[in-house]
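So the structure is just underneath, and the comments pick up after that.
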Amino acid sequence: MRIFNHFIKSLFSPQTVARLRFQGVGKAIGYIFFLIFLTSIPFGITFSMAFKSGIEEFEQSMKSDIPDFTLKDGKLSSQLKMPVIQTDDNQTFIFDTTGAVKESDLNKYNDVIAMLKNKAIITSGGETQAFPYQTLGDVTLTKQDVSSWINKLSDLLPILLPLIFLFIYLFTVAMKFIGVTVLAVIGLVLQNISRRSLNYRRLWVMSAYSVTLPTVFFAVMKLLHTEVPFSFIIYWAVASLFLHLSIKETPEPKA
């Protein structure tokens with residue numbers, strides 16, 4: 001429970017972060033794993049539900065709404081004269097071989113699966129992934145082939161979704177380690193401004209806890225599907241300010 005108490009206090013207490021500078025680097029690394037796991041749970045749940053719903057919607061649309069098509073040489077073709085757009089419970093499915101729907105048109109949808117002329121696009125839980133058909137290589141697929149593949153994918157969801165979450169989690173942890181390392185370098189400058197004397201190891205530990213507030217904030221915004229302008233600048237400004245306040249809570253070096 002101590003790690004959870006550190007998490008709560010790191011949201012608002014620079015004094016706590018200053019006291020934690022004596023912690024070992026190993027415990028700070030463990031805290032980063034804990035922080036990312038905690039903030040990834042809401043995203044993992046919403047992503048899994050949206051992904052599963054999207055697959056089911058796509059499977060149903062393949063049976064009833066999509067005409068016969070052919071995927072060849074990286075392009076999707078059919079006899080369709082206008083796009084098929086269906087929305088059900090905030091989940092949207094788009095099938096367009098005419099080129100009328102542009103990738104930028106998908107920004108108005110929260111959760112969407114789109115099969116466009118040159119690529120497939122999936123937006124779920126605030127994350128967008130594009131899959132150009134050319135990456136499939138020199139293959140030819142028909143509606144029947146894709147339907148069979150979707151059926152197999154649906155059966156594999158209980159295994160596939162945890163693997164996807166694990167990959168996203170580990171990637172996010174790796175990026176957070178890089179961010180904490182950069183923030184600790186910024187801390188070397190901030191300590192000179194505050195006239196403190198801290199070694200890099202202690203600054204790294206403090207940085208690991210200083211990113212708690214901006215990490216939680218942007219996780220909540222993602223959960224609410226809320227776009228935050230200048231998010232990159234805000235994240236680094238908040239993290240740097242929190243670290244600066246934490247450094248000021250450490251005692252000044254003796255003359």
Side-chain angles (χ1 to χ4, degrees), residues 1 3-4 6-8 10-11 26-62 87-94 103 106-107 109-115 119-132 135-136 146 148-183 208-209 211-228 231-232 235 239:
M1 293 298 293
I3 192 172
F4 190 77
H6 291 166
F7 165 75
I8 296 297
S10 295
L11 289 170
K27 289 187 177 180
I29 291 175
Y31 177 78
I32 293 176
F33 276 96
F34 169 79
L35 174 64
I36 300 304
F37 179 76
L38 198 63
T39 54
S40 296
I41 290 176
F43 167 74
I45 293 174
T46 55
F47 175 83
S48 298
M49 294 177 61
F51 192 86
K52 184 175 182 295
S53 176
I55 292 296
E56 292 174 349
E57 180 72 20
F58 181 66
E59 192 174 11
Q60 181 61 36
S61 297
M62 288 289 291
T87 300
D88 182 23
D89 295 331
N90 295 324
Q91 179 69 51
T92 301
F93 175 75
I94 299 175
E103 187 171 351
L106 306 180
N107 295 333
Y109 302 104
N110 289 328
D111 296 305
V112 59
I113 294 180
M115 291 183 65
K119 66 180 68 175
I121 298 175
I122 299 177
T123 297
S124 181
E127 299 289 331
T128 298
Q129 298 290 335
F131 305 94
T135 59
L136 297 176
V146 175
S148 176
W149 183 79
I150 290 296
N151 290 334
K152 294 178 181 178
L153 179 63
S154 182
D155 294 336
L156 290 174
L157 281 182
I159 300 175
L160 185 61
L161 287 176
L163 290 177
I164 293 175
F165 176 78
L166 178 62
F167 173 79
I168 295 175
Y169 169 71
L170 293 177
F171 176 78
T172 306
V173 167
M175 295 303 296
K176 189 62 66 177
F177 276 130
I178 295 174
V180 168
T181 301
V182 173
L183 183 60
Y209 289 93
V211 299
T212 301
L213 179 59
T215 299
V216 171
F217 171 76
F218 284 103
V220 172
M221 292 298 101
K222 182 178 290 187
L223 182 63
L224 298 176
H225 302 292
T226 302
E227 189 72 24
V228 180
S231 57
F232 180 84
Y235 176 91

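Sequence positions, counted from 1, serve as the residue numbers for this chain. As the structure is a prediction and not an experimental result, all values here were calculated from the model. Because only heavy atoms are used, hydrogens play no part in the values below, and waters and symmetry mates are left out as well, while side chains stay in.
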Dump the intermediate steps for ring pair (Phe, Tyr, Trp, His ring centres under 6.0 Å) on Y31 and F4, then the final yes or no. CA-CA 9 Å; Y31 177 78; F4 190 77; over 10 Å; no

Give the C-alpha distance, both sets of side-chain angles, the deciding distance and a yes or no for side-chain contact (heavy atoms from CB on, under 4.5 Å) between I94 and L106. CA-CA 9 Å; I94 299 175; L106 306 180; 3.5 Å; yes

Audit row: M221, E227, side-chain contact (heavy atoms from CB on, under 4.5 Å) steps and yes/no: CA-CA 7 Å; M221 292 298 101; E227 189 72 24; over 6 Å; no

Walk me through whether V216 and F7 qualify under side-chain contact (heavy atoms from CB on, under 4.5 Å). CA-CA 10 Å; V216 171; F7 165 75; 3.6 Å; yes

Assess the residue pair L153 and W149 against the criterion (side-chain contact (heavy atoms from CB on, under 4.5 Å)); give the C-alpha distance rounded to whole Å, side-chain angles, the decisive distance to 0.1 Å, and a yes or no. CA-CA 6 Å; L153 179 63; W149 183 79; 3.9 Å; yes

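If you take CD1 on I121 and OH on Y109, they are separated by 12.5 Å, rounding to the nearest 0.5 Å. A distance of 10.0 Å separates CD1 in I8 from OG1 in T212, rounded to the nearest 0.5 Å. Here the straight-line distance linking atom CG of L160 with atom NZ of K52 works out to 13.0 Å at 0.5 Å rounding. Of the inter-residue distances, the one linking K176 atom NZ with I29 atom CD1 reads 15.0 Å to the nearest 0.5 angstrom. Rounded to the nearest 0.5 angstrom, K27 NZ and Y209 OH are separated by 8.0 Å. The CD1 atom of I164 sits 8.0 Å away from the CG atom of L157 when rounded to the nearest 0.5 Å.
More than 12 heavy atoms of other residues, nucleotides or ligands lie within 6.0 Å of CZ in F131, so this atom counts as buried by the packing criterion. Within a 6.0 Å radius of CZ in F171, other residues, nucleotides and ligands contribute 12 heavy atoms or fewer.
Between Y169 and F165, the ring planes lie parallel to each other; the angle is under 30°, not in the 30° to 60° tilted range.
Distance alone, capped at 3.5 Å, places no donor-acceptor pair between the S154 side chain and the N151 backbone.
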